[in-house]
Amino acid sequence: MRFVVGSDDEGATLDAAVERLRQAGHDVDVLERGQWPDVAARVAEAVAGGRADQGLLFCWTGTGTSMAANKVPGVRAALAWDPWIAEGARRWNDANVLVMSLKRTEPETARAIVDAWLSVEEPDEDERENIAKLD
């Protein structure tokens, strides 16, 4: 799977998540850092445009990049602070952009969040109608 990753800052949380994606065998393109609205737009446009299968975003809280990414049609960005949230976002919402806080997510938690995200191959069939309403 092709992932595009964007962040407005650097840090151990970002590094841990990217490392986990690569360890799982995914193709990971880490974009140059930028202002959070701009980097979120670049990630979202890559996912919506099919240049990446999924995205991963970071900012101080994760909230700003979530909001910016969700402005792009076809993007379903989910802010996850816990593995259960990440898994549910994929399973029940077919989220295609995972967002985390650089300030409040420890590297070990980031790895667990990525693992939970990757554990869902397809969304829950019972949620297809609800997911379609997002479009």
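Treat the numbers as computed from the prediction; the structure is a model and nothing was measured. Sequential numbering from 1 along the given sequence is applied to the chain's residues.
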Just grab all the ring-ring contact (aromatic ring centres under 6.0 Å, His included) pairs involving residues 1-25, residues at least two apart or on different chains.
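Found Phe3-His26.
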Tell me, which pairs form a salt bridge (Lys or Arg N to Asp or Glu O under 4.0 Å) where one or both residues lie in residues 48-66, sequence neighbours left out?
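Found Arg2-Asp53.
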Which salt bridge (Lys or Arg N to Asp or Glu O under 4.0 Å) pairs, counting each pair once, include a residue from residues 54-63, with sequence neighbours left out?
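Every candidate salt bridge (Lys or Arg N to Asp or Glu O under 4.0 Å) pair involving residues 54-63 fails, so no pair, neighbours aside, qualifies.
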Which pairs, with at least one residue in residues 73-83 and sequence neighbours excluded, count as a side-chain hydrogen bond (donor to acceptor under 3.5 Å, both in side chains)?
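Matches after skipping sequence neighbours: Arg76-Asp94.
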Minimum heavy-atom separation for [X] and [Y], please, with both atom names.
X: Ala40; Y: Leu57; value: CA-CD2, 3.7 Å
X: Met67; Y: Lys71; value: O-CG, 3.4 Å
X: Ala69; Y: Ala77; value: CB-CB, 3.9 Å

Are [X] and [Y] grouped together when hydrophobic residues (ILVMFWY) are joined by side-chain heavy atoms under 4.5 angstrom apart?
X: Leu21; Y: Leu79; value: no
X: Val120; Y: Trp84; value: no
X: Phe58; Y: Val39; value: no
X: Leu56; Y: Val4; value: no

With a cut-off of 3.5 Å and sequence neighbours excluded, list every side-chain donor-acceptor pair involving residues 125-135.
| unit_1 | atom_1 | unit_2 | atom_2 | d |
| --- | --- | --- | --- | --- |
| Glu127 | OE1 | Asn130 | ND2 | 2.9 |

Ignoring hydrogens and geometry, is there a side-chain-to-backbone donor-acceptor pair from Asp124 to Trp92 under 3.5 Å?
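Judged by distance alone, no pair lies under 3.5 Å.
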Backbone of Gly74 reached by a side-chain donor or acceptor of Asn96 within 3.5 Å:
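Flag set: sc Asn96 to bb Gly74 pair under 3.5 Å.
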Please check if the number of heavy atoms outside Gln23 that lie under 6.0 Å from its CD is greater than 12.
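Check passes, neighbour count above 12.
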Extract all donor-acceptor atom pairs below 3.5 Å that involve side chains of residues 97-119 and protein atoms in other chains or at least two apart in sequence.
| unit_1 | atom_1 | unit_2 | atom_2 | d |
| --- | --- | --- | --- | --- |
| Ser101 | OG | Trp60 | O | 2.7 |
| Ser101 | OG | Lys103 | N | 3.1 |
| Ser101 | OG | Arg104 | N | 2.9 |
| Thr105 | OG1 | Ser101 | O | 2.9 |
| Asp115 | OD1 | Arg20 | NE | 2.9 |
| Asp115 | OD2 | Arg20 | NE | 3.2 |
| Asp115 | OD2 | Arg20 | NH2 | 3.3 |
| Trp117 | NE1 | Gln54 | OE1 | 2.5 |
| Ser119 | OG | Ala116 | O | 2.6 |

Scan the side chains in residues 27-34 for donor-acceptor partners under 3.5 Å anywhere in the protein, sequence neighbours excluded, and list what turns up.
none

Could you tell me which residues satisfy side chain to side chain contact (heavy atoms under 4.5 Å, CB included) with Ala41, sequence neighbours excluded, listed by chain and number?
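Residues passing side chain to side chain contact (heavy atoms under 4.5 Å, CB included) with Ala41: Glu45.
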Arg22: side-chain hydrogen bond (donor to acceptor under 3.5 Å, both in side chains) partners, not counting sequence neighbours:
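Not a single residue meets the side-chain hydrogen bond (donor to acceptor under 3.5 Å, both in side chains) criterion with Arg22.
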With Arg42, which residues qualify under side-chain hydrogen bond (donor to acceptor under 3.5 Å, both in side chains), at least two apart?
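For Arg42 there are no side-chain hydrogen bond (donor to acceptor under 3.5 Å, both in side chains) partners, ignoring immediate neighbours.
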Which residues end up grouped with Trp36 if you chain together Ile, Leu, Val, Met, Phe, Trp and Tyr wherever their side-chain heavy atoms are less than 4.5 Å apart?
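Joined to Trp36, directly or through intermediates: none.
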How about Leu14 and Val5: do any of their side-chain heavy atoms sit closer than 4.5 Å?
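Leu14 reaches Val5 side chain to side chain.
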